[in-house]
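Data first, discussion second: the structure below is written as structure tokens.
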Amino acid sequence: MNYNELSVPEATILQKELKEKVITAPYRGNIRLIAGADISFNKFSTTVYAGIVLLKFPELTPVGYSLVEKEVTFPYVPGFLAFREVPALLDAWQQLPQLPDVLVVDGHGIAHPRRMGIASHFGVMVNHPTVGSAKKKLFGYYEEPGNNRFDYTPLKDKQGNILGNVLRSKPNVKPVFVSPGHLMDVDGSRELITACVQRYRLPEPTRLAHNAVNQFRLGTLTAGYTPA
DNA sequence: GCGACAG
DNA sequence: ATCTTGTCGC
């Protein structure tokens with residue numbers, strides 16, 4: 001199926017169907033390899049640069065990255081980010097020589113109007129554990145968390161259901177929004193992201209993925225898979 | 001009708 | 001998201 005030819009109403013129907021496949025449950029198992037995924041592009045261009053960076057866990061040292069370039073015409077519409085970025089990320093995913101235990105996606109998971117943010121969407125597509133880590137809220141209500149490192153508050157819907165957490169990754173910086181993507185639960189997602197935070201606002205997986213796709217777009221890195 | 005609105 | 005320099009605060 002080609003997302004570029006979908007209309008928003010059609011995409012909405014697809015999200016409602018995919019929603020039934022999302023599994024929000026505690027992740028059982030060891031994590032020795034984690035990954036971060038992100039996209040970069042030039043303003044007004046239909047070319048996107050997608051990348052996935054693999055890191056050893058819990059050391060968080062990068063061990064390789066997969067970079068791909070792809071054309072995309074589906075516009076950015078709040079609530080439908082997946083239809084614009086998932087295709088390219090799938091290409092990068094299929095190019096990985098080894099799959100991570102869990103993938104951290106730049107965006108929300110179930111903290112979405114229809115519980116189908118990009119992290120959940122991608123997780124269902126590849127049937128793999130994912131967690132969403134976003135820089136801004138898309139959906140839900142929350143109280144500002146305390147200003148101490150790792151303070152957090154729940155992100156809820158109007159009925160009081162907890163969709164994720166608002167996490168203060170470091171003092172005096174805006175918090176990050178963490179929610180389960182697929183095969184993960186609310187607490188586990190927060191604990192994992194907390195373990196991925198070092199000295200910056202953003203957790204290492206998405207921070208390094210962001211750096212990689214940006215360098216790729218600017219020509220400092222070349223496409224393909226590269227061990228670190 | 002008005003405000004909110006991932007990347 | 002991207003375009004961009006200096007500047008204020010921990």
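All figures in this text were calculated on a predicted structure; none of them were measured in a lab. Below, read A as the first sequence line, B as the second, and so on, with proteins coming before strands; counting in each chain starts at 1.
Residue A:Glu143 qualifies as open at atom CD: its count of foreign heavy atoms under 6.0 Å is 12 or below. Remark: A:Lys137 NZ is packed, more than 12 non-hydrogen atoms of other residues, nucleotides or ligands lying under 6.0 Å away. In A:Asn30, the CG atom is not crowded: 12 or fewer heavy atoms of neighbouring residues, nucleotides or ligands sit closer than 6.0 Å.
Taking atom OH of residue A:Tyr76 and atom P of nucleotide B:dG7, one finds them 7 Å apart after rounding to whole Å. As a whole-Å value, the separation of A:Asn42 CG from B:dG7 C1' is 15 Å. Distance CD1 (A:Ile110) to C1' (B:dA6): 15 Å, rounded to an integer number of Å. Distance A:Lys137 NZ to B:dA6 P: 10 Å, rounded to the nearest Å. We find that CD of A:Gln215 is positioned 17 Å from C1' of C:dT2, with the value rounded to whole Å. A:Leu218 places its CG atom 7 Å from the P atom of C:dC3, with the value rounded to the nearest Å. Rounded to whole angstrom, the span from the CZ atom of A:Phe80 across to the C1' atom of C:dA1 amounts to 19 Å. One atom, NE2 of A:His112, and another, C1' of B:dG7, lie 12 Å apart when rounded to the nearest Å.
For the pair A:Lys135 and C:dA1, the criterion of a side-chain N or O lying under 4.0 Å from OP1 or OP2 is met. Residue A:Lys136 has no polar side-chain atom (N or O) positioned under 4.0 Å from OP1 or OP2 of B:dC5. Within the structure, a side-chain polar atom (N or O) of A:Arg217 is placed less than 4.0 Å from OP1 or OP2 of C:dC3.
Using a 4.0 Å heavy-atom distance criterion, A:Phe83 is classed as making no nucleic acid contact. Looking at heavy-atom distances under 4.0 Å, A:Gly132 makes no contact with the nucleic acid at all.
At a threshold of 4.5 Å between non-hydrogen side-chain atoms, the residues A:Leu155 and A:Ile162 do not count as touching. By the 4.5 Å heavy-atom criterion applied to side chains, A:Glu85 and A:Phe74 are not counted as neighbours.
A donor-acceptor pair under 3.5 Å links the side-chain atoms of A:Arg201 to the main chain of A:Lys135, judged by distance alone. For A:Asn148 (side chain) and A:Asp151 (main-chain N/O), no donor-acceptor pair under 3.5 Å exists by modelled atom type.
With respect to the salt-bridge test (charged N to carboxylate O, under 4.0 angstrom), the residues A:Arg217 and A:Glu69 do not qualify. Residues A:Arg32 and A:Asp101 are not paired through a salt bridge, judged by the lack of any N-O separation under 4.0 Å between the basic side chain and the carboxylate.
Residue A:Lys43 is the one, among A:Lys43 and A:Asn172, whose nearest nucleotide of DNA chain C lies closer to the 5' end (criterion: closest heavy atom).
Within residues 177-214 of chain A, the residues that place at least one heavy atom under 4.0 Å from DNA chain C are, in residue-number order, A:His210, A:Asn214.
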Problem - For DNA chain B, the dot-bracket pattern of Watson-Crick and G-U pairs whose distances stay under 3.5 Å, | for other-strand partners - result: .......
